Amino acid sequence: MASAAHALEQLVGNANPPDPETLAGALALVQQTVRSCLQSPANDSADRIDECIRALRGLHGLECARVRIIALLDACQFFYMLGQPFRAIEPTMEAVRLARATQDNSMLRKGLNALGIVNADTGNCARAVECYAEALELAQQLGDIEAEAATWLNLGVALMYVAQYREAVSSFDRVVVLCGDNERMIAAKQKANANTALCALHLEDYGRGLRAAEASIQGDPPPKSPIDSLSRVLREHTYARLLLEVNNLEEAKRRCQLAKEFAAKSGSPRADIVASIAEGLYEV
């Protein structure tokens with residue numbers, strides 16, 4: 001049985017262009033394939049995602065652009081979780097191109113955020129900051145506070161990558177203010193606190209770091225997805241390192257164990273590496 005990606009390639013390669021309904025159905029199957037690989041990674045998931053990206057990039061015109069953009073951004077998230085951000089650049093750039101061409105500012109903001117993330121993760125922090133600056137402008141134009149908070153969060157991470165920790169903390173403080181007591185923005189607030197904790201670790205402000213680390217996991221429900229599990233592993237890793245700095249070995253050991261448990265549920269090599277580093281630091 002042909003894969004969804006292969007079926008789409010055959011459809012597009014026909015002499016007669018497909019009718020809109022048939023194309024939309026084929027794209028929905030490709031999107032479903034990418035989402036399935038993201039939510040439940042398997043040994044062949046990376047190859048299947050690559051097939052889907054190739055099929056999506058082979059399309060001409062702007063039909064069903066939003067479905068294509070969502071699938072491409074899911075592919076980006078998959079490779080980021082896999083710890084292979086260079087493979088995420090191509091689908092993310094295609095998503096941004098489509099969003100610009102269709103003047104879909106909501107999807108363009110999402111695409112720019114994703115492109116900023118993979119650029120920062122591959123060492124191109126200057127380009128990442130440019131992406132975030134444009135995404136911030138779009139979020140403010142759209143009046144989307146949640147999107148604005150997410151972009152400030154990502155900007156702070158890019159600043160962390162170049163060791164601008166005090167400037168990064170200012171970005172994270174902005175996130176906390178924007179989130180306020182909004183229950184829908186708890187996750188962004190927790191991530192901001194987690195990143196503040198990591199900055200405080202580098203600045204040797206361990207008191208602030210421990211308070212921020214505790215706030216980052218307070219009331220956090222069990223992770224429901226691989227990306228949620230990865231996020232929790234990163235937070236437990238930082239918390240453990242701060243505890244080691246103040247010689248609280250017992251609690252640090254507990255945090256390392258939690259990191260390992262969440263990493264096992266994530267299916268993410270990145271999460272496994274982070275959890276192993278935390279455990280190694282504890283053992284030392």
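Computation of the quantities below employed the complete heavy-atom set of this structure, encompassing side-chain atoms and omitting hydrogens, waters and symmetry-equivalent molecules. We count residues from 1, following the sequence as given. These numbers come from a predicted model, not from an experiment.
Between Tyr239 and Glu214, the side chains place a donor N or O and an acceptor N or O closer than 3.5 Å (distance only, hydrogens not considered). There is a side-chain donor-acceptor pair under 3.5 Å between Arg87 and Gln84.
Proximity of Arg48 to Ser3: side-chain heavy atoms (C-beta onward) are nowhere separated by under 4.5 Å. You'll find the side chain of Arg35 reaches within 4.5 Å of the side chain of Ile70, heavy atoms only. A 4.5 Å side-chain heavy-atom check between Leu230 and Ile227 finds at least one atom pair inside the cut-off. Using a 4.5 Å heavy-atom cutoff, the side chains of Leu38 and Met81 are in contact. No side-chain heavy atom of Arg241 sits under 4.5 Å from any side-chain heavy atom of Cys256. Considering only heavy atoms from C-beta on, Phe78 comes within 4.5 Å of Ser45 through its side chain.
One N or O on the side chain of Thr122 and one on the backbone of Asn119 form a donor-acceptor pair closer than 3.5 Å. A donor-acceptor contact shorter than 3.5 Å links the side chain of Tyr132 to the backbone of Ile117. For the pair Asn248 (side chain) and Glu251 (backbone), a donor-acceptor distance under 3.5 Å is present. The closest donor-acceptor contact from the side chain of Asn193 to the backbone of Lys189 lies under 3.5 Å. The closest donor-acceptor contact from the side chain of Asn124 to the backbone of Ala120 lies at 3.5 Å or more, if one exists at all. Using modelled atom types, no side-chain atom of Ser36 and backbone atom of Thr33 make a donor-acceptor pair closer than 3.5 Å.
Residues Leu8 and Ala55 approach most closely at CD2-CB, 3.9 Å, considering heavy atoms. Of all heavy-atom pairs spanning Ala46 and Leu82, the tightest one is CB-CD2, 4.3 Å. Between Asp272 and Ala264 the shortest heavy-atom distance is OD1-N, 4.4 Å. Taking each heavy atom of Glu236 and Ala259 in turn, the nearest pair found is CB-CB, 3.9 Å. Heavy atoms only, all atoms of each residue included: Ala271 and Val233 are closest at O-CG1, 3.6 Å. Val175 and Leu153 make their closest contact through CG2-N, 3.6 Å (heavy atoms, listed as atom of the first residue, atom of the second, distance).
Within 6.0 Å of CD in Gln141 there are more than 12 heavy atoms belonging to other residues, nucleotides or ligands. Within 6.0 Å of CG in Asp181 there are 12 or fewer heavy atoms belonging to other residues, nucleotides or ligands. Environment of CD in Glu167: crowded, with over 12 heavy atoms of neighbouring residues, nucleotides or ligands closer than 6.0 Å. Heavy-atom contacts from other residues, nucleotides or ligands closer than 6.0 Å to CD1 of Ile277 number more than 12.
Hydrophobic cluster membership of Phe86, counting Ile, Leu, Val, Met, Phe, Trp and Tyr whose side-chain heavy atoms lie under 4.5 Å apart directly or via other members: Ile89, Met93, Val96, Leu108, Leu112, Leu115, Val118, Leu138.
Between Glu90 atom CD and Asp50 atom CG the span is 8.5 Å, to the nearest 0.5 Å. Annotation: the span from Glu245 atom CD to Leu210 atom CG amounts to 10.0 Å, rounded to 0.5 Å. Atoms CG and OG, on Leu159 and Ser171 in that order, are 5.0 Å from each other to the nearest 0.5 Å. The line from CE of Met160 to CG of Asn154 is 11.5 Å long, rounded to the nearest 0.5 Å. Here CD of Gln31 is found 10.5 Å from SG of Cys52. Values are rounded to the nearest 0.5 Å. Leu244 contributes atom CG, which lies 11.0 Å from atom OH of Tyr206 (distance to the nearest 0.5 angstrom).
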Just do the side chain to side chain contact (heavy atoms under 4.5 Å, CB included) check on Ile53 and Phe79 with the steps written out, would you? CA-CA 12 Å; Ile53 292 170; Phe79 283 121; 3.8 Å; yes

What verdict does the salt bridge (Lys or Arg N to Asp or Glu O under 4.0 Å) test give for Arg127 and Glu130, after you've listed the backbone C-alpha separation in whole Å, the side-chain angles of each residue and the deciding distance to 0.1 Å? CA-CA 5 Å; Arg127 176 61 180 141; Glu130 290 176 4; 3.3 Å; yes

Tell me, with the steps shown, if His6 and Glu51 meet side chain to side chain contact (heavy atoms under 4.5 Å, CB included). CA-CA 8 Å; His6 184 59; Glu51 287 179 357; 5.9 Å; no

Derivation of the side-chain hydrogen bond (donor to acceptor under 3.5 Å, both in side chains) call for Asp228 and Ser225: CA-CA 5 Å; Asp228 288 342; Ser225 68; 3.2 Å; yes

Worked check of side chain to side chain contact (heavy atoms under 4.5 Å, CB included) between Arg255 and His237: CA-CA 7 Å; Arg255 293 296 161 189; His237 168 86; over 6 Å; no

Output, in order, the C-alpha distance, side-chain angles, deciding distance and verdict of salt bridge (Lys or Arg N to Asp or Glu O under 4.0 Å) for Asp173 and Arg208. CA-CA 13 Å; Asp173 286 345; Arg208 179 172 187 176; 3.2 Å; yes

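Leu23 and Leu29 fall into different hydrophobic clusters, where Ile, Leu, Val, Met, Phe, Trp and Tyr are joined by side-chain heavy atoms under 4.5 Å apart, directly or via other members. Ile186 and Val176 sit in two unconnected hydrophobic clusters of ILVMFWY residues. Membership requires side-chain heavy atoms under 4.5 Å apart, directly or through other members. Under a hydrophobic-cluster definition in which Ile, Leu, Val, Met, Phe, Trp and Tyr are linked whenever side-chain heavy atoms come within less than 4.5 Å, directly or via other members, Leu242 and Val169 are assigned to different clusters. Criterion: ILVMFWY side-chain heavy atoms under 4.5 Å apart, direct or through other members. Under it, Leu155 and Val162 are not part of a common hydrophobic cluster. Under a hydrophobic clustering in which Ile, Leu, Val, Met, Phe, Trp and Tyr are joined whenever their side-chain heavy atoms come within less than 4.5 Å, directly or via other members, Tyr161 and Leu198 fall into the same cluster.
Partners of Gln190 according to the side chain to side chain donor-acceptor pair (under 3.5 Å) rule, which considers only residues two or more places apart in sequence or in another chain, do not exist here.
Note that Arg270 lies in the cation-pi zone of Tyr80, set by a 6.0 Å cut-off to the ring centre and a 45° limit from the axis.
When each of Ile69, Leu59, Leu73, Leu72 is tested with Glu94 by the rule side chain to side chain contact (heavy atoms under 4.5 Å, CB included), just one qualifies, namely Leu72.
Using a 4.0 Å cut-off between a side-chain N of Lys or Arg and a carboxylate O of Asp or Glu, Glu134 and Arg109 do not qualify as a salt bridge.
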